[in-house]
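Accompanying notes for the structure given below.
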Amino acid sequence: MTHLDLRSIRLRPGEEHRDEQEVELQPIVLGGQRYVPVPEKAASELVVTRATTGTVFELRLRVRLHGPCYRCLEDAVLERELALREYQAERPGGSEELTTPYVSEGRLDLSAWARDALALALPEKILCRPDCAGLCPVCGRDLNREPHRHEQELSDPRWAALGELRERL
Ligand SMILES: [Zn+2]
Ligand SMILES: [Zn+2]
């Protein structure tokens with residue numbers, strides 16, 4: 001997983017550090033299905049700014065997830081652009097708002113940060129397209145490729161009666 005060693009960048013108040021980083025992402029499970037980041041490492045831009053009382057971390061990245069469509073199980077692709085911001089106070093004093101959970105022991109966990117933000121940015125269901133017709137509940141065939149209905153007349157008694165009438169003619 002991708003970390004940034006904060007000890008490697010020593011900033012004085014007012015200074016900033018910019019970095020192009022490749023952030024390794026783990027697959028995400030949503031609705032029982034697995035969605036894989038492609039590429040596995042997302043290109044990102046990281047800006048670390050030292051303020052007088054703490055440090056601001058900003059991360060921008062574009063992520064593409066590949067996985068099955070919730071309705072038809074064909075390939076679906078989802079793209080998200082994330083612009084994230086975290087703050088770590090110099091002396092947090094126990095307040096959670098002034099610390100980021102992604103900094104520990106002098107390291108910023110970029111993978112965990114990006115993954116959590118991505119999970120929050122996902123829709124409830126990932127579809128191949130917004131109007132995906134899904135699979136036929138009767139025969140299981142893909143209704144996008146083969147739009148069809150199962151003719152109810154096969155079992156409809158009115159049609160059966162018509163059939164009998166036709167036989168008699
Ligand atoms: Zn679909
Ligand atoms: Zn069918």
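Counting starts at 1 for both ligands and their atoms, following the listed order. On a predicted model such as this, the values are computed, not experimentally measured, just so you know.
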Exercise for review: Please determine if Glu81 and Arg64 form a salt bridge, counting it only when a charged side-chain N lies under 4.0 Å from a carboxylate O.
Suggested key: no
**Study point:** Ion pair check, Arg145 and Glu74, cut-off under 4.0 Å
**Key:** yes
Review point. What orientation do Tyr102 and Trp113 show, parallel under 30°, tilted 30 to 60°, or perpendicular over 60°?
Key: parallel
Revision key, fill the gap. For the Zn ion (ligand 1), angle spanned by Cys69 SG and Cys132 SG (nearest 10°) is 110°
Check your understanding: For atom OH of Tyr70, is the number of surrounding heavy atoms from other residues, nucleotides or ligands below 6.0 Å larger than 12?
Key -> no
Review point. With no hydrogens and no angle check, is any side-chain donor or acceptor of Asp19 less than 3.5 Å from a backbone partner on Gln21?
Key: no
Exercise for review: Return the set of protein N, O or S atoms whose distance to the Zn ion (ligand 2) is under 2.8 Å, each given as residue and atom.
Suggested key: Cys136 SG, Cys139 SG, His148 NE2, His150 NE2
Check your understanding: What residues, two or more places apart in sequence or in another chain, satisfy salt bridge (charged side-chain N to carboxylate O under 4.0 Å, His left out) together with Arg115?
Key -> none
